[in-house]
Every structure is written in structure tokens, then in C-alpha cells.
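Report on the structure given below.
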Amino acid sequence: MASGLTSEELEKENAVLKQALMQAGAGAHYYASADAVREIKDDMQMPFMGNSGNHCYRMLSDFHELDCRERLNTSSYVNVVLEDEEVKAVNLGMRINIADQTTYPSSFKVHNITLNMIANLWNCPKPLDFDDYGAFPGAGTVGSTEACLLGGLCLKFRWRKWYAARHGLTEGEVRGVYPNLVISTCFQAAWEKLFRYMDVEAKFVVPSKDTFAITAEGVKAQIDDKTIGVVCILGNHYGGQYDPVWEIDEMLQQLNEEMGYQVGIHVDGASGAFIAPFQDDVPAWDFRLPTVLSISASGHKFGESVCGTGWIVWRQREGLSEHVAISVSYLGGKADSYTLNFSRPASGIFVQYYKFNRLGFAGYRALRDNQFSNAKHLRDALKSFNCEDGRPYFMMLDDGDTKCLPVVAAMLNPELALPFDDIDLQHQMQQYHWYVSGYRMSYHDPNDEQTKPLFTDAPAQQTMFRVVVKANNTRVMMDNLITSLKKVLEEMASLGPGFMSMHEPKKLKTGMKGHAC
């Protein structure tokens, strides 16, 4: 190929080569082809001519190669390791639109079997209408965000009927009343979607940085007769702590009896609902508690399924899941749909079914034991990191080794007055291929669009970092992470104030932001 050609001339030559290759029925080596020097523009149009499958995959893999390594991304809870058979299950599920229950009844039976396994794992009482449906009230969803939205909608519709009866309002009149939902400031983005899209006011309980968890007293102070429910987070994404569902349930039982309310709990178990069942030291948090009305979880996190898998289970259909059930008959039969999204592949459901049968209860417990062992190994190492005068480099923020997620959360010791923070730590760790997410202790309030402190006892500008210890993290990897952290601390400390002058412009350019959840 001649040198010095313009991008337009290269494009024309590329098209000629492709046509010649197609006519000859053969393909050139990717790195010896014009595709390897083709400029990709952000605003490019669909190419006029097609390409070989090998070249299309190679072009796609070039983008993937430039990303962070999935297994070294400790900011994400999402499972990234699949056995060969799981990949086959993913491919099998891609061909199935699980919304079409009447056409693919056996595939939907896999959905129901998997759903029933989850409902039993969470101690859901078997409904009286079980034989009519062959399943507990619930659904597989596109991640836990859809599950949270469904749970919130059912609470809202349930509250509407109660509030209209209590105040003698018509259905039209009660629609003009602005309801609220009580939740921790450590909420996930899914709930901001509910507040914005579903016209619900957020009433926040602000925890302490000592616990990261809301209290029954704090929740009680926020409840009134416009409260549709309380969200208890079983493993917040900042530090992995569990809200005390058991204490809030006890408070709600008393409050409901005293005030004539019917306020119930939705457990946001995005991460913890597939951890807590395998922990013997966690009090009852699920449907064993009478005010727990629904539970959601991400199957793709500690459920170990493929990305995009979520689940929701309701205590009963009456007054809850019946509010979001849509009867569908135009696909050749009649079936109820409980999800916001309609057409979707069966891949996540198939992998979840595979994983439950592949690991069993004992296998999941063994995964958890390994994760907590590796988390403790990392936590103990961080506790041993001291600066030259003997003061600790880090203040630990997580709940330790029990009754929480396998998450290690800490912050650089404020007493050291270091010229760098936890977000700098995140940036520097990337040179060793690790992605360790740094955060500011702040949240965005959807009620007034203001940035506010996440905790009662820490400023919004205070930073922290977090490591999610997933099933794919081995002891060898943890030791490398520890070594990398030591090197980064030594490098930043050796620069001293010079580090700030070097890296402050970069932080200003990125808006002083760390990882965005």
C-alpha cells in the first residue's frame, strides 16, 4: 500500500480490497489489511460494504483490549468469570425471548424453577395460589434496577388504595397526593430513577460514618401517612454494611399498630441477598420478618450469573405483585408479565439456573468462605500499613469480617494531613492494572438537586476507597494488590507536596471526581 494516502483515499482503497476479498472468497490477515490502519471516527456512518467475521471481531477486540482488566476491577460487584459451559448457556439463552412464555414454555419453566429456588432461599412463605401459577410471586429482571423499580411501584400502588380508603378519596383524588419512600443516603442509583420517574419523594435517613447503616429510630422519625414503605439496604455499595432490617421490622410492627399504618419493607439485597443466606451470624432479614414485603437482588453480582441478571420476590400477589401484572395474549396464548422491560434474552436466567445446580448451597458457602478469607487478608494488611512515625496510614470503615459483604473499605488517615487523597490512590493504582474506586462522602439529593454529605459526621469532600472481593479474587491476586498498594503509597509519599502540584491539575480537569457508581 502506498504511503502518505489521505483517510478518504484509504477508505476507498479499503472498499476495493474488501470487494476483491469477497469475490475471491478469502480474507487477508487482519494486521496486514487496510482495516488495521483505518481511522474510526466518533460520528462515522454505517460502512457501505460488509467485512469478514474475523475482521469484525478483531476490530471489536481492539476496543476491549484498551479497557481495564475485568478481574482486576475491584470497584464492580459484577461477576466476570464464566466457565465454558456457562458461555454455552449464555449463547443458548440469546436465542430465547423469555417474554414469550407461550412459545417457549420449557424455557419459562426454567425461569420459574430458578425463581422458586430464590424464594425458598429467602424464606418466602408458599402462597395459597402457588399451584395456579407454579411459582412464587416474583420475576427475573434486567439487573436489580428493574427489580427495585418494580418493588417501589408495588409499594406505591398498595399505599394508594390504603390512603384513599383512610381519607375517603377517589382514585383520581389520591393520584394527586405526593407519596414518600424512606431510605438511607447510601442508596444506589436505581432508587433515584424511582424518585424521578415514578413521582415519589425521597425521605432520607443519614447514617454515621462509624456504621454506614440507618437506625430504627432514624427511620421512625421520617414516617408519616404518605410513606409507601422503607428500603433497607442489605450491603450498601460504599462499605458493604447491612441496614438492621430486624430492628426496623420490630419498630414498624409497633408503629403500624399504634398509628393504623401498613408501612412495609423492601429489602434492597442487590449484593447481600446472595451473601446473607450463607452467613450463620446474620439475624433474620428476609421474609421471616412480617413487615418484609419484597426483596430484590442482582443475580449478576454475588448470585454469580452473567451481567444483566436481576430478581425480585414478593411476599404475596394480592396487594403487591398484582399491581404490576400485565396480561399478554397477542403472542399466541395468555401469560402474565411482571416486568417493566418486555422482550429480553433468557441468558441470565439460564446461567443462574446453571450456577445454582453447578455450585449448590455448599458451593456458594465455599465461595463466600474464600471471599471473606481474602477480604480479611487484605484488611489485616491495610491495618499494618504505618507511616514513618508509626501512625497508621488508613482508617478502616467497613464492618470487619462478619455480618457484612466481602468488602474492604478504608480512607487515608486524616490526621496525617497527606498531600494526596483516596482518589489519587485510585488513579495511581491503575499503573499496576488495578482499578480501586475512590469516592467522596457525598450524595446527590434528587429532591433539590444539591450535593450533600453522605454521613452525619463527615464532610462531603472527605474521600474513601473500597475494594470488592469477588469470587474470582484469589490469594495470589490479593497479595499482588497489597504489594501494589504499598508501592503506590511509597511513590506518593516520596513526592510529598510535589505530588499535589503534579496531580491537582488532572483532578481539576476531571471535576475532582473518583469512581462514579
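Residues take their numbers from the sequence shown, with the count starting at 1.
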With ring-ring contact (aromatic ring centres under 6.0 Å, His included) as the test, pick out the partner of Phe136 among Trp314, Trp122, Phe130, Trp311. Phe130
Non-hydrogen atoms of Phe287 and Val292 that approach each other most closely: CD2-O, 3.6 Å
Any sub-3.5 Å donor-acceptor pair from Ser61's side-chain atoms to Arg58's backbone N or O? yes
Gln262 side-chain N/O to Trp162 backbone N/O, donor-acceptor pair under 3.5 Å: no
For salt bridge (Lys or Arg N to Asp or Glu O under 4.0 Å), just list the numbers for Glu247 and Lys220, CA-CA rounded to whole Å, side-chain angles, deciding distance to a tenth of an Å, and then say yes or no. CA-CA 11 Å; Glu247 295 175 4; Lys220 183 177 181 180; over 6 Å; no
With rounding to the nearest 0.5 angstrom, report the SG to CD1 distance, Cys148 to Ile183. 8.0 Å
With side chains defined as the heavy atoms from C-beta onward, is the minimum distance between Ile214 and Ile248 less than 4.5 Å? yes
Electrostatic pair Asp369-Arg365, nearest N-O below 4.0 angstrom: no
Derivation and outcome, side-chain contact (heavy atoms from CB on, under 4.5 Å), residues Trp159 and Leu181: CA-CA 11 Å; Trp159 165 84; Leu181 181 69; over 6 Å; no
Starting from the C-alpha separation in whole Å, work towards a yes-or-no answer on side-chain contact (heavy atoms from CB on, under 4.5 Å) for Gln279 and Lys403. CA-CA 7 Å; Gln279 294 174 299; Lys403 299 181 182 178; 5.8 Å; no
Check Pro406 against Phe302 and note the closest heavy-atom contact, atom names and distance. CG-CZ, 3.9 Å
Would you say the side chain of Asn51 lies within less than 4.5 Å of the side chain of Met59, judging by non-hydrogen atoms? yes
Would you check if Lys226 and Tyr163 make a side-chain contact, meaning some heavy-atom pair closer than 4.5 Å? yes
Indicate whether the side chain of Asn236 and that of Gln241 have a donor and an acceptor atom separated by less than 3.5 Å. yes
Go through Asp225 and His167 one step at a time and tell me if the side-chain contact (heavy atoms from CB on, under 4.5 Å) criterion holds. CA-CA 10 Å; Asp225 71 346; His167 294 277; 2.9 Å; yes
Any heavy-atom pair between the side chains of Asp224 and Lys203 that's under 4.5 Å? yes
Parallel, tilted or perpendicular: which fits the ring planes of Tyr443 and Phe204, with parallel below 30° and perpendicular above 60°? perpendicular
Please assess Lys355 against Asn79 for the test side-chain contact (heavy atoms from CB on, under 4.5 Å), listing each intermediate value before the final yes or no. CA-CA 12 Å; Lys355 229 35 179 292; Asn79 171 49; 4.0 Å; yes
Quick check: does any side chain N or O of Tyr364 sit under 3.5 Å from a backbone N or O of Gly303, one acting as donor and the other as acceptor? yes
In Asn73, Asn480, Thr74, the residue satisfying side chain to side chain donor-acceptor pair (under 3.5 Å) with Trp434 is Asn480
Between Leu149 and Ala190 the two heavy atoms that sit nearest each other are CD2-O, 3.8 Å
What's the verdict on salt bridge (Lys or Arg N to Asp or Glu O under 4.0 Å) for Arg288 and Asp249, showing C-alpha distance, side-chain angles and the deciding distance? CA-CA 10 Å; Arg288 290 169 289 178; Asp249 166 77; over 6 Å; no
Within 6.0 Å of CG in Leu128, more than 12 heavy atoms from elsewhere: no
Going by heavy atoms in the side chains, are Phe108 and Ile98 under 4.5 Å from each other? yes
Give, for atom CG of Leu320 and atom CG of Leu155, the distance between the pair rounded to the nearest 0.5 Å. 7.0 Å
Is a side-chain donor or acceptor of Arg358 paired with a backbone partner of Gly363 at a separation under 3.5 angstrom? no
Would you confirm whether Ser321, through its side chain, and Gly138, through its main-chain N or O, come within 3.5 Å as a donor-acceptor pair? no
Using only atom types and a distance under 3.5 Å, with no angle test, would you say the side chain of Arg379 pairs donor to acceptor with the backbone of Val407? yes
Please check: side-chain N/O of Asp422 versus main-chain N/O of Gly438, any donor-acceptor pairing under 3.5 Å? no
Any side-chain donor paired with an acceptor under 3.5 Å for His266 and Ser296? yes
Keeping the roles fixed (side chain from Arg71, backbone from Val80), state whether a donor-acceptor pair exists under 3.5 Å. no
Please name the pair of heavy atoms, one in Glu86 and one in Val81, separated by the smallest distance, quoted to 0.1 Å. OE2-O, 4.3 Å
Start with the C-alpha gap between Lys376 and Asp380, add the side-chain angles, then the distance that decides, and say whether salt bridge (Lys or Arg N to Asp or Glu O under 4.0 Å) holds. CA-CA 6 Å; Lys376 185 179 188 305; Asp380 290 345; 2.8 Å; yes
Inter-residue atom distance Ile265.CD1 - Cys232.SG, 0.5 Å rounding: 4.5 Å
Between CG on residue Leu359 and OH on residue Tyr354, distance to nearest 0.5 Å: 8.5 Å
Using a 4.5 Å cut-off on heavy atoms from C-beta on, say whether the side chain of Arg158 contacts that of Ile228. no
Counting only heavy atoms not in Lys161, do more than 12 fall under 6.0 Å of its NZ? no
Considering non-hydrogen atoms only, spot the tightest contact between Tyr104 and Asn97 and give its length. CD1-O, 3.6 Å
Expected output: side-chain Lys209 to main-chain Ala458 donor-acceptor under 3.5 Å: no
Could you grab the distance from atom CD of Glu318 to atom NE2 of His323, nearest 0.5 Å is fine? 9.0 Å
Could you tell me if the side chain of His377 sits less than 4.5 Å from the side chain of Asp479, heavy atoms only? yes
Using every non-hydrogen atom in the two residues, find where Met94 and Asn91 come nearest and quote the distance to one decimal. CE-OD1, 3.1 Å
Rounded distance [0.5 Å steps], CD1 in Ile312 versus CG in Leu150: 5.5 Å
From CA spacing to verdict: ring-ring contact (aromatic ring centres under 6.0 Å, His included), Tyr238, Tyr439: CA-CA 8 Å; Tyr238 291 98; Tyr439 300 88; 5.6 Å; yes
Donor-acceptor pair, distance only, cut-off 3.5 Å: does the side chain of Ser305 make one with the backbone of Gly348? yes
Is it true that atom OH of Tyr353 has more than 12 heavy atoms of other residues, nucleotides or ligands lying nearer than 6.0 Å? no
For atom CD of Glu257, decide whether the heavy atoms of other residues, nucleotides or ligands shown that lie under 6.0 angstrom number more than 12. no
Side-chain heavy atoms of Tyr261 within contact of Arg166, under 4.5 Å: yes
Geometric cation-pi criterion, Lys301 with Tyr77: 6.0 Å, 45°: yes
Please determine whether the number of non-hydrogen atoms from other residues, nucleotides or ligands lying under 6.0 Å from atom OH of Tyr178 exceeds 12. yes
